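Throughout, a chain's letter reflects where its sequence line sits, starting with A, and its residues are numbered from 1. Note that this is a predicted model, so its numbers are computed, not measured. Hydrogens, waters and symmetry mates are skipped; everything else that's a heavy atom, side chains included, is used.
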Amino acid sequence: MLSFRILHKDPNSLGREGVITTSRGLIKTPVFMPVGTAGTVKAVPHEFLEEMNTPIILGNTYHLYLRPGTGIIEKFGGLHNFISWNRPILTDSGGFQVFSHRKLRKLNENGVEFKSHLDGSTHFLSPEKSIEIQEILGSDIIMAFDECTPYPVSKPEAEDSMLLSMRWAQRCSESWKNRNSQTLFGIVQGGMFVDLRKQSIEKLEEIDLPGMALGGFSVGEPKNIMYEILEELGGYLPVEKPHYLMGVGTPVDIVQSVLRGIDMFDCVLPTRNARNGMLFTWNGPVRIKNAIHSMDDSPLDPKCGCPVCSRYSRAYLRHLFISGEILSYTLNSIHNLHFYSALMAKIRENIKAGTLNRFSQKLLESYQEEI
RNA sequence: GGAGGGGUGGCAGAGUGGUCAAAUGCAACGGGCUGUAAACCCGUCGACGUUACGUCUACGUAGGUUCGAAUCCUACCCCCUCCA
């Protein structure tokens with residue numbers, strides 16, 4: 001069971017501040033959900049996620065199904081018990097792997113045959129199978145199995161793909177059994193075509209799932225296309241349901257999307273970039289391996305209250321990264337996730353205060369991006 | 001004292017007459033990463049000219065052979081191994 005309540009609306013935009021209630025805890029929105037594909041937010045112990053008030057993390061159906069396999073997770077009574085995380089979990093359906101592993105799979109009306117990237121074995125994922133796996137995982141929010149459309153695609157291709165995803169969403173809904181303990185979100189597709197996207201929203205509204213996700217963005221399209229489409233879709237999404245923009249994004253992407261009515265985000269960026277030495281600060285990105293930091297005894301971000309910034313110098317963080325020390329990945333990830341967590345808290349405060357536009361402007365200056 | 005092996009770009013290490021400003025790895029420097037096949041990937045890396053490209057200086061030192069030398073010859077300097 002999941003309920004969504006909007007507490008405040010930004011007077012100057014479609015931004016909303018609210019709360020999602022699940023049986024495993026509250027989720028203040030707008031929220032950023034760290035990605036923990038294989039049952040771990042890479043390099044970060046759960047304790048740190050809890051300390052920085054991470055309300056919910058992601059898991060991935062495809063990856064967990066391949067390894068460790070549903071048998072093991074079922075024996076533990078679900079993913080929460082297996083990984084020892086008792087806050088909410090959202091699992092992606094495997095739809096993103098239809099995109100990211102597109103050279104290793106064959107798609108037909110019934111579903112997708114994947115050739116495992118681990119051992120070459122073949123596995124068939126259908127809407128029903130994805131839901132069945134997600135029921136075994138026991139995640140609080142489960143996602144419809146969709147085809148994440150690549151970019152670029154022609155309009156007919158985008159339409160076919162969207163209609164397929166909508167038929168699959170219907171099948172997901174029909175096979176969704178644990179309606180009391182798990183909540184199913186539908187996923188809007190339609191490539192970069194606004195009319196297809198609107199059509200997709202309408203079809204999902206007919207199925208009437210409790211949450212509305214937008215998929216198929218940040219797949220290589222030019223920077224501003226997504227903002228423009230969100231702009232058009234903002235007023236079109238069902239107001240009373242949470243809006244989840246999948247796989248997005250940069251700090252600027254997130255604020256820009258909140259302004260256009262998005263409530264939920266996930267992205268590998270803070271964790272992957274952390275492991276690759278790119279750190280987010282309130283003054284913009286820092287590439288910690290750059291020579292300029294080699295003697296710098298100041299903290300990564302003096303405005304950041306995270307355990308890393310309160311204790312370690314830039315010079316030390318650089319040394320750890322350059323040396324390939326394991327601790328580097330952990331400290332960098334903790335910092336970046338803390339930054340994202342603080343970013344979302346600020347976004348919520350600014351919605352309450354009606355100052356989200358000003359906040360957005362400030363962030364743009366730090367990240368020197370153009371809208 | 002005798003016998004043998006070797007000195008190549010920051011390091012390791014290929015190359016043994018022209019296609020060599022010199023493979024490859026590491027280091028260094030810069031960049032990328034958006035529902036995670038990512039502790040990954042890409043670029044630069046002798047100097048000078050913005051770049052295509054050109055010029056110059058370079059494979060221990062000094063000479064030589066050759067149209068042409070990191071590669072062949074001579075001398076010298078240094079290092080390593082084995083034997084006494």
Exercise. Can you tell me if CZ on A/Arg358 sees more than 12 non-hydrogen neighbours from other groups inside 6.0 Å?
Worked result: no
Exercise. Heavy atoms under 4.0 Å, any strand shown: does A/Thr271 hit a base, just sugar-phosphate, or nothing?
Worked result: base
Exercise. Roughly, in whole Å, what's the span from CZ in A/Phe339 to P in B/rU34?
Worked result: 18 Å
Problem set entry | Inter-nucleotide P distance (B/rC73, B/rG4), Å rounded | 15 Å
Exercise. Does a sphere of radius 6.0 Å around NZ in A/Lys198 hold more than 12 heavy atoms from other residues, nucleotides or ligands, not counting ones at 6.0 Å or beyond?
Worked result: yes
Exercise. Once you round it to whole Å, what is the distance between P of B/rG35 and CD1 of A/Ile56?
Worked result: 16 Å
Exercise. Between A/Glu147 and A/Ser165, do the side chains contain an N or O donor and an N or O acceptor separated by less than 3.5 Å?
Worked result: no
For this session: Please work out if A/Leu118 contacts a base, only the sugar-phosphate, or nothing of the nucleic acid, heavy-atom cut-off 4.0 Å.
Result: nothing
Exercise. Has A/Thr37 got a side-chain N or O lying under 4.0 Å from the OP1 or OP2 atom of B/rU36?
Worked result: yes
Seminar exercise, completed: note: A/Lys289, atom NZ; B/rA27, atom C1'; distance rounded to Å ~ 13 Å
For this session: Specify the glycosidic conformation (syn or anti) of B/rA37, with syn defined as within 90° of 0.
Result: syn
Exercise. Would one find more than 12 heavy atoms of other residues, nucleotides or ligands at under 6.0 Å from atom CD1 of A/Ile326?
Worked result: no
Exercise. Side chain of A/Asn290, base of B/rG30: donor and acceptor closer than 3.5 Å?
Worked result: no
Problem set entry | Distance-only side-chain donor-acceptor flag, A/Thr281 / A/Asn283, under 3.5 Å | no
Problem set entry | Distance-only polar pair, side chains of A/His80 and A/Asp140, donor-acceptor under 3.5 Å | yes
For this session: Using the P atom as the reference point in each nucleotide, state the distance between B/rG63 and B/rC45 in Å, no decimals.
Result: 32 Å
Exercise. With a cut-off of 6.0 Å (strictly less than), are more than 12 heavy atoms of other residues, nucleotides or ligands near CZ of A/Arg179?
Worked result: yes
Exercise. Say you pick atom P in B/rG7 and the same atom in B/rA70; how far apart are they, in whole Å?
Worked result: 15 Å
For this session: Evaluate whether atom CZ of A/Arg67 has more than 12 neighbouring non-hydrogen atoms of other residues, nucleotides or ligands under 6.0 angstrom away.
Result: no
Exercise. Mapping A/Glu147 and A/Ile326 to their closest nucleotides on RNA chain B, which lands nearer the 5' end?
Worked result: A/Glu147
Problem set entry | Identified pairing partner of B/rG1, criterion: Watson-Crick or G-U wobble below 3.5 Å | B/rC83
Exercise. Rounded to the nearest Å, what distance is computed from the CZ atom of residue A/Arg318 to the C1' atom of nucleotide B/rG30?
Worked result: 12 Å
For this session: Using the P atoms only, state how far B/rC59 lies from B/rC42, rounded to an integer number of Å.
Result: 33 Å
Exercise. In whole angstrom, what separates A/Ile225's CD1 from B/rU34's C1'?
Worked result: 15 Å
For this session: Mind checking A/Met278 for me? I need base, sugar-phosphate or nothing, with any heavy atom below 4.0 Å counting as a touch.
Result: base
Exercise. For A/Arg67 and B/rA37, is the shortest distance between a side-chain N/O and OP1 or OP2 below 4.0 Å?
Worked result: no
Exercise. In Watson-Crick or G-U wobble terms, both distances under 3.5 Å, what is the partner of B/rU50?
Worked result: none
For this session: Would you kindly give the CZ-to-P distance between A/Phe217 and B/rU34, to the nearest whole Å?
Result: 16 Å
For this session: Check the distance between B/rA38's P and A/Asn332's CG and give it to me in whole angstrom.
Result: 19 Å
Exercise. Which is true for A/Gly36 with a 4.0 Å heavy-atom rule: it touches a base, it touches only sugar-phosphate, or it touches nothing?
Worked result: nothing
Exercise. In whole Å, what separates the P atom of B/rU65 from that of B/rU74?
Worked result: 15 Å
For this session: Give me the residues of residues 78-100 of chain A where at least one heavy atom lies under 4.0 Å from an atom of RNA chain B, by number, or none.
Result: A/Asp92, A/Phe96, A/Gln97, A/Ser100
Seminar exercise, completed: Any strand, both distances under 3.5 Å, Watson-Crick or G-U wobble: B/rU44 pairs with B/rA28
Exercise. Taking atom P of B/rG32 as reference, at what distance in whole Å does atom CZ of A/Arg275 sit?
Worked result: 18 Å
Exercise. With both distances under 3.5 angstrom, what nucleotide forms a Watson-Crick or G-U wobble pair with B/rC20?
Worked result: none
Exercise. For A/Asn276, which contact category applies under a 4.0 Å heavy-atom criterion: base, sugar-phosphate, or nothing?
Worked result: base
Exercise. Which part of the nucleic acid, if any, lies within contact of A/Ile322, taking any heavy atom under 4.0 Å across all strands shown: a base, the sugar-phosphate backbone alone, or nothing?
Worked result: sugar-phosphate
For this session: Quick one: label A/Glu221 by what it contacts on the DNA or RNA (base, sugar-phosphate, nothing), any heavy atom closer than 4.0 Å.
Result: nothing
For this session: For B/rA38, give its Watson-Crick or G-U wobble partner with both distances under 3.5 Å, or none.
Result: none
Problem set entry | A/Asp266 versus A/Tyr244, side-chain donor and acceptor atoms under 3.5 Å | yes
